> 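The following block contains the structure, expressed as structure tokens.
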Amino acid sequence: MSTLKFDEGRLMQVLVAPIVSEKATAVAERDNQVVFKVLRDATKPEIKAAVELLFKVEVASVQVLNQQGKTKRFGRSVGRRDHVKKAYVSLKPGQELNFSGEAA
């Protein structure tokens with residue numbers, strides 16, 4: 001597990017939600033990766049520590065991407081969706097992440 005020290009309360013907030021989409025499912029099956037929506041100011045070591053703490057799995061690597069919010073129109077006014085930071089978390093071989101319940 002991670003040797004770096006992080007505030008456990010902060011780690012509980014780093015992962016906002018798992019992303020369930022066709023692309024995320026394909027990546028999960030092909031590369032043993034899981035996709036999460038994370039806080040905009042989260043770092044790779046924080047994300048790794050949070051996944052290992054919450055799901056009791058070993059993380060091989062973390063890749064992040066910042067997705068700009070889409071511009072949307074509401075009649076005359078123009079608005080913008082929130083920016084999102086996504087994390088692609090690669091699990092070590094033999095590791096599996098289970099959202100439905102506790103890992104065995």
Side-chain angles (χ1 to χ4, degrees):
M1 295 285 168
S2 290
T3 55
L4 297 170
K5 298 282 185 264
F6 291 106
D7 176 31
E8 203 166 305
R10 162 89 174 150
L11 291 182
M12 293 293 187
Q13 297 172 342
V14 167
L15 303 178
V16 177
I19 294 177
V20 180
S21 64
E22 282 188 32
K23 183 178 179 181
T25 307
V27 164
E29 290 172 4
R30 192 180 67 228
D31 301 328
N32 200 21
Q33 287 185 327
V34 188
V35 188
F36 289 101
K37 188 175 178 181
V38 296
L39 293 179
R40 298 268 325 277
D41 61 348
T43 62
K44 286 183 181 185
E46 271 183 334
I47 295 166
K48 178 178 177 175
V51 172
E52 288 181 346
L53 175 76
L54 295 174
F55 298 104
K56 309 286 188 273
V57 293
E58 291 182 41
V59 173
S61 67
V62 177
Q63 287 126 354
V64 296
L65 68 92
N66 286 304
Q67 189 176 43
Q68 300 299 313
K70 287 184 177 181
T71 303
K72 292 288 181 181
R73 296 193 47 156
F74 306 99
R76 272 188 241 188
S77 61
V78 176
R80 171 169 223 143
R81 288 188 182 162
D82 289 340
H83 301 311
V84 175
K85 188 172 196 173
K86 292 182 183 179
Y88 285 79
V89 179
S90 298
L91 302 177
K92 289 187 178 171
Q95 297 287 315
E96 196 174 287
L97 212 142
N98 187 2
F99 290 117
S100 60
E102 286 300 311

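Values in this document were obtained by computation on a predicted structure and should not be read as measured data.
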> Identify whether Phe36 and Leu39 are in the same connected component of the hydrophobic contact network (ILVMFWY, side-chain heavy atoms under 4.5 Å).
no

> Which heavy-atom pair separates Val38 from Ala87 by the least distance, and what is that distance?
CG1-CB, 3.9 Å

> Find the distance between OG (Ser61) and CG (Asp31) and round it off to the nearest 0.5 Å.
10.0 Å

> Over all heavy atoms of both residues, which pair between Lys48 and Val59 is shortest? Give the atoms and the distance, please.
CE-O, 3.6 Å

> For Lys92, enumerate each residue passing the salt bridge (charged side-chain N to carboxylate O under 4.0 Å, His left out) test, keeping only those at least two apart in sequence or located in another chain.
Glu58

> Applying side chain to side chain donor-acceptor pair (under 3.5 Å), can you list everything that pairs with Thr43, at least two apart in sequence or on another chain?
none

> In chain order, what residues pass the side chain to side chain donor-acceptor pair (under 3.5 Å) check against Gln63, with sequence neighbours excluded?
Gln33

> Just distance, no hydrogens or angles: give the donor-acceptor pairs under 3.5 Å from side chains in residues 9-30, sequence neighbours left out.
unit_1 : atom_1 : unit_2 : atom_2 : d
Arg10  : NE     : Glu46  : OE2    : 2.9
Arg10  : NH2    : Asp41  : OD1    : 3.4
Arg10  : NH2    : Glu46  : OE1    : 3.0
Ser21  : OG     : Ala24  : N      : 3.2
Thr25  : OG1    : Ser21  : O      : 2.8

> Indicate, with yes or no, if Leu65 and Val84 share a hydrophobic cluster defined by side-chain heavy-atom contacts under 4.5 Å among Ile, Leu, Val, Met, Phe, Trp and Tyr.
no

> Apart from Val78 itself, what residues make up its hydrophobic cluster when side-chain heavy atoms of I, L, V, M, F, W and Y under 4.5 Å apart count as a link, directly or indirectly?
none

> To the nearest 0.5 Å, how far apart are CD in Gln67 and CZ in Arg40?
11.0 Å

> Sequence neighbours left out, what pairs pass side chain to side chain donor-acceptor pair (under 3.5 Å) with at least one residue falling in residues 72-88?
Gln68-His83

